[in-house]
Amino acid sequence: MSAFFKLLARNRLALGGLIVMTVVVVLALLIPVLPLADPYATNTGNRFALPFSEGALLGTDHLGRDLLSRLMWGTLLSLAVGFAAALVAATIGSAIGITAGYLVGTRILRRGEPLAALAHFAVGYGLGTVLLLVLGALPGLLTFVLVAAATGIAAWALARTAIPVLGGARVPLAVCAALFGALIAAALGAGPIITPLAIAAVGTLLLLLFYARMDVDNGLMRLVDMLMAFPYILLALAIVAALGPGLLNALIAVAAVNIPFFARNIRGITVGIANREFVDAARLAGMSDVRIILTEILPNVIPVIVIAMSTTIGWMILETAGLSFLGLGSQPPQADLGSMLGEARSALITNPHTSIVPGVMILIIVMAINLLGDGVRDALDPRLKSGALNRPLPATLVARDRAPVPAHNDGILTMSGLETQFHVKDRVYRAVGGVDLSVKPGECLGIIGESGSGKSVTALSVMGLVASPPGVITGGSVRFSGEDLVGAPYEKLRSMRGKSVAYIFQDPLATLHPLYKVGDQLIEAISSHRSIGRAEGRKKAIELLEAVRIPNAKSRVDTYPHEMSGGMRQRVGIAMALANDPEVIIADEPTTALDVTVQAQILSLLNDLRRERGLAIIFITHDFGVVGQLCDRVAVMYAGRIVEEGPTKAILDAPQHPYTARLIACVPELGEGKRRLEAIPGLPPVVDKLPDGCAFADRCDRVHASCRQGDIPLEGNGTRAVRCLFPVNMKEAAE
Amino acid sequence: MAGYILKRLITAIPVLFGISVIVFLIMALIPGDPATAILGSYATPENVARLNADLGLDKPEWQQFFIWLGNMLQGDFGRSFQLNRPVLDEVLERFNATLVLAGTSFVLCSVLGIVAGVISAANQYGWADKGITFVVLLGISIPSFFLGMMMILVFAVNLRWLPASGMWPIYGDRDLWALLRHLAMPAFALSVVATGVIARLSRSAMLEVLRQDFIRTARAKGVHERGVIWRHALRAAMVSIIPVLGIQAGFVLSGAVYIEVVFQWPGIGRMLVDAILRRDILLVQGGVVIVAACYVLFNIVVDVAQSLLDPRIKT
């Protein structure tokens with residue numbers, strides 16, 4: 001809770017809103033002790049006095065009443081009514097929403113229950129009518145409320161005891177039917193003519209028709225939908241028409257029209273929560289539904305209710321002010337801000353200050369409430385804290401404080417000393433901490449490591465695709481044909497993306513645009529780099545699909561991603577990467593989401609393409625089995641750095657870094673079921689506080705004290721290199 | 001698609017029926033006797049009884065409901081006792097004016113709101129974003145009727161640029177230019193709140209979408225940032241924006257009531273308020289039912305647009 005207030009206070013705008021609201025509320029509460037003039041004392045001799053005139057700080061209105069005093073009283077009234085309406089709407093709406101969301105899938109009527117429902121309905125109706133006759137002397141609205149409440153409770157109690165008698169109907173059904181009956185009786189009772197039985201029959205028919213095949217959720221939501229089918233003002237006007245103008249009735253109308261909003265919102269949240277494990281656990285523990293709702297669901301829903309309320313109170317104040325403005329809310333001489341505006345309107349042109357004063361006050365109040373509401377929402381929404389709603393920039397930010405070292409190698413794509421970090425608040429995560437890598441045309445380089453080892457970030461840094469914020473490239477260079485891409489202007493980078501260096505990503509369902517046909521997405525890949533006609537583009541798209549061996553390419557070109565299988569989508573992803581004949585393809589775990597047979601197909605496809613087109617491929621994976629099939633060389637990454645590099649076969653045969661050795665030991669081999677699979681104990685270190693020396697030291701079984709002292713360089717001879725003081729397999733490697 | 005539209009139209013029938021029941025039930029709550037309202041409080045009981053019989057008000061309420069419903073289905077919405085003309089004529093004439101006003105506002109707020117939201121999201125935390133956020137906050141906090149009054153004060157009274165009220169000039173031609181001049185202020189005042197709501201929603205929908213993997217794919221392909229924002233991100237964000245447009249249409253229609261009162265626009269909102277204050281029940285019932293029915297149809301249009309936009313929705 002204190003964390004919530006801290007967050008709220010950090011938001012300067014929300015704090016401003018809070019301060020304004022506090023001042024307004026305190027002033028409104030202090031009205032009785034403030035030296036204000038009587039808001040109802042008319043003085044026609046002093047009509048339309050201007051602001052700052054003698055005895056009236058804000059002037060007077062058309063009857064000579066003191067505007068300041070009226071403004072204060074009106075503010076109190078508007079605030080009270082707005083808050084009350086919000087509270088009523090939130091309570092009733094949430095109750096409906098929670099009930100509906102919790103009872104998804106619970107049928108209202110089971111087989112044979114319509115009869116029971118009729119019985120309940122009759123009981124409710126009968127009770128309602130009887131009570132009405134007893135209470136008939138009371139005035140309309142009060143009768144309505146009393147009768148509805150009393151019969152509802154009575155019918156509920158009766159239904160509980162009568163369940164066995166009435167054929168096993170359950171409580172929700174009984175309550176629904178009885179309440180419905182009672183409400184109709186009450187509604188008609190309050191009207192001019194009592195007891196038209198037939199309307200009850202029609203209502204019953206409707207009830208059965210609508211609910212017979214629905215669950216509770218469906219039924220309630222249909223009702224809510226029906227209310228939402230009115231533009232809200234029509235409903236509010238109709239309610240005010242029925243109850244008569246007046247502030248209380250305006251409050252009821254505004255609350256009523258906002259119930260569907262709360263019901264819908266809260267229902268959505270509840271459905272999610274009702275399926276969670278802890279609710280299942282409570283059910284299995286035999287807790288009653290009511291108790292589960294109160295103790296398990298409600299606490300989790302309350303933040304959402306608070307958010308919904310805080311973002312709608314302002315709106316409700318506007319709505320009540322609107323009804324008063326139309327003359328349907330507060331009645332003279334009593335005036336809220338809306339009716340002050342309404343009364344002033346006729347003098348708008350001659351004496352605008354009488355309109356401006358209450359109008360500006362509404363604006364201030366509602367704006368302060370909205371600011372506060374946004375602050376509350378932001379403070380309660382966990383996504384904002386994690387920065388998950390930040391927009392990634394077109395290219396990763398670059399903040400190199402020193403000039404890049406010259407390239408150490410002459411491949412087509414060469415990374416030297418590449419450093420990429422994530423800056424989240426005051427923490428710095430060093431995802432990539434100085435990586436040197438190079439790939440030649442026609443070569444396949446594998447980058448392997450556990451999740452979080454920095455291999456994907458390394459790959460995305462090449463074309464500035466690391467999401468930024470929070471990503472920042474802080475050092476090193478990425479040279480394509482000798483040209484440094486880090487810090488290159490956006491347009492330069494863009495023109496090379498897909499054309500010089502293309503990407504294939506994991507999980508093709510998420511990486512293809514869901515709303516465009518795959519053909520159009522392929523054509524777009526081409527047209528981003530050269531202008532291409534519609535027909536030619538289509539032809540090229542079909543060719544590309546054929547090149548990745550998609551059968552029926554001609555018809556597949558017009559399908560959407562969701563209509564394809566996972567393997568097909570990945571082929572589309574590859575086709576897209578091939579669209580502009582790039583020199584380098586970076587494949588970021590392209591086969592991880594696929595099943596084994598499809599995986600093998602994709603790998604052989606990539607291998608063929610590399611041979612045919614002389615592509616350089618950087619292949620990122622966590623699977624040594626895949627590396628062995630495809631890659632010429634492999635680099636092993638751990639905690640953002642390369643710990644070992646060399647020809648694939650040499651590394652597979654004789655890993656030198658203990659980490660590599662453990663990784664290889666993790667690969668199960670077919671037919672060798674006896675071998676023990678060695679999981680690596682522990683987890684990779686968090687990259688915002690890396691230890692001194694070897695990052696793997698804590699998990700290593702060959703660790704010495706010297707491993708933890710000072711930086712360990714990546715050293716090697718000829719084709720191999722390792723970052724370890726006490727490498728394994730040195731003998732084999734020397735041979 | 002035709003099947004889907006037909007299905008949606010059929011499911012609208014119970015909704016429309018429900019609406020007419022709700023309207024009738026609420027109106028049945030109105031205390032007092034229409035005949036007395038028409039004849040005045042000095043009318044003799046015999047006259048009141050005779051008029052009640054003429055109006056069919058002596059029949060049980062369920063009969064009244066079905067007579068009203070049956071007549072409505074034949075296009076007879078009854079007569080407004082206050083205006084002494086058929087409800088349908090009056091409602092259609094007034095609704096026409098409201099549609100001109102609300103329709104213009106709806107187009108205005110949709111376009112302005114979405115464009116503002118997209119620009120805001122694309123420049124998150126930049127000056128454009130801060131400026132738009134502030135204007136939007138102002139827009140959703142100002143009562144539209146107050147804004148309308150201030151606009152009259154500035155543009156009609158002080159600057160004399162635009163007419164202060166009405167839909168047509170009292171003298172002069174009823175041409176498009178005259179209409180536009182009369183429409184400018186009310187349409188703008190009416191669209192402000194909805195523009196703000198749509199802009200806010202578009203902004204957050206865009207931010208949500210911009211984090212997704214397919215945006216990174218588009219960038220990796222070399223699509224220009226303009227294309228990434230307006231083609232890729234906006235298209236995906238529209239899936240969550242369009243339902244809100246449907247809801248906002250209802251809010252625009254609702255807000256029209258205030259604007260019509262402020263600008264003396266001869267629309268249905270003003271008619272309803274007058275009818276309520278004068279207890280002209282048939283006029284209220286007819287007006288509410290027709291507007292609600294149009295709104296239901298409009299929402300079907302929105303759903304159809306949604307299914308056209310998103311191929312993943314099964315029709």
Side-chain angles (χ1 to χ4, degrees), chain A residues 140 187 190-193 196 198-199 202 226 229-234 237-242 314 318 321-322 325-327 341 345 348-349 352 355 359 362-363 366-367 370 388-392 394 463 465 494-495 497-499 503 505 510-515 524-525 528-529 560 562 576, chain B residues 15 18-19 22-23 25-31 33 60-62 65 121 124 137-138 140-143 145-146 149 152-153 157 207 210-214 216-225 232 235-236 250 253-254 257-258 261 272-273 276-277 284 288 291-292 295-296 309-312:
Chain A
I193 308 164
I199 281 208
V202 172
M226 209 167 290
F230 290 91
Y232 76 87
I233 192 99
L234 290 189
L237 288 181
I239 292 173
V240 173
L318 281 184
F325 174 76
L326 296 175
L341 251 180
R345 195 167 71 87
L348 172 67
I349 294 168
S355 303
I362 300 180
L363 177 61
V366 176
M367 199 153 162
N370 283 338
L389 286 182
N390 276 338
R391 163 208 196 238
M463 282 285 127
L465 289 171
R494 185 198 71 76
S495 69
R497 286 176 178 172
K499 193 166 193 303
Y503 284 86
F505 296 108
T511 52
L512 292 175
H513 198 293
L515 305 180
E524 193 191 25
S528 297
H529 297 286
Y560 290 96
H562 70 276
M576 200 139 60
Chain B
V15 175
I19 287 173
I22 294 174
V23 171
L25 278 180
I26 293 177
M27 289 298 132
L29 278 174
I30 292 186
D33 180 2
E61 281 171 353
W62 64 274
F65 173 71
Q124 194 192 13
L137 181 73
L138 208 62
I140 59 171
S141 304
I142 195 166
F145 40 93
F146 178 58
M149 286 161 69
I152 291 177
L153 213 53
V157 178
L207 287 176
L210 278 167
R211 301 295 300 184
Q212 305 215 341
D213 285 349
F214 59 82
R216 190 184 59 193
T217 310
R219 285 177 171 158
K221 285 200 290 195
V223 177
H224 201 280
E225 192 61 13
H232 287 257
R235 174 78 186 256
L253 214 49
S254 300
V257 173
Y258 307 121
V261 169
L272 282 176
V273 175
I276 286 171
L277 290 174
V284 177
V288 171
V291 175
Y295 184 55
V296 169
L309 187 88
D310 189 347
R312 289 170 299 183

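The chains referred to below are lettered A, B, ... by the order of the sequence lines, with proteins before strands, and numbering in each begins at 1.
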- Examine whether an atom of A/Leu341 lies under 4.5 Å from a heavy atom of chain B, and if so say whether it belongs to the side chain, the backbone or both; otherwise answer neither. both
- Message: At a 4.5 Å cut-off on heavy atoms, which part of A/Met367 comes close to chain B: side chain, backbone, both, or neither?
- Response: both
- Message: Has A/His562 got a side-chain atom pairing as donor or acceptor with A/Leu515's backbone, closer than 3.5 angstrom?
- Response: no
- Task: Return yes if a side-chain donor-acceptor contact under 3.5 Å exists between A/His513 and A/Glu524, otherwise no.
- Result: no
- Between A/Pro392 and B/Leu210, what is the shortest heavy-atom contact and its length? CG-O, 3.3 Å
- Residue set satisfying salt bridge (charged side-chain N to carboxylate O under 4.0 Å, His left out) with A/Arg494, at least two apart, ordered chain then number -> A/Glu491
- Message: Below 4.5 Å, heavy-atom pairs only: which of A/Pro514, A/Gly322, A/Pro394 has the largest tally toward chain B?
- Response: A/Pro394
- Message: Quick check on the interface: out of A/Gly314, A/Ser495, A/Ser355, A/Gly327, who has the most heavy-atom pairs with chain B under 4.5 Å?
- Response: A/Ser355
- Task: Quick one: closest heavy-atom pair of B/Ala121 and B/Leu207, and the distance?
- Result: O-CD2, 3.9 Å
- Query: What part of B/Val223 gets closer than 4.5 Å to chain A, counting heavy atoms only: side chain, backbone, both or neither?
  - Reply: both
- Message: Let's go through B/Glu225 and A/Arg391 carefully: what are the C-alpha distance in whole Å and the side-chain angles of both, what is the deciding distance for salt bridge (Lys or Arg N to Asp or Glu O under 4.0 Å) to 0.1 Å, and is it a yes or a no?
- Response: CA-CA 13 Å; B/Glu225 192 61 13; A/Arg391 163 208 196 238; 2.6 Å; yes
- Message: At a 4.5 Å cut-off on heavy atoms, which part of B/Gln212 comes close to chain A: side chain, backbone, both, or neither?
- Response: neither
- Heavy-atom proximity to chain A below 4.5 Å, by part of B/Ala220: both
- Message: Applying side-chain hydrogen bond (donor to acceptor under 3.5 Å, both in side chains), can you list everything that pairs with A/Thr511, at least two apart in sequence or on another chain?
- Response: none
- Message: So which residue, B/Leu153, B/Val296, B/Val291, B/Leu253, ends up with the most heavy-atom pairs under 4.5 Å with chain A?
- Response: B/Leu153
- Flag the one option from A/Ile349, A/Val240, A/Asn370 with the top tally of heavy-atom pairs under 4.5 Å to chain B. A/Asn370
- Bottom line for B/Ile152: the part with an atom under 4.5 Å from chain A's heavy atoms is side chain
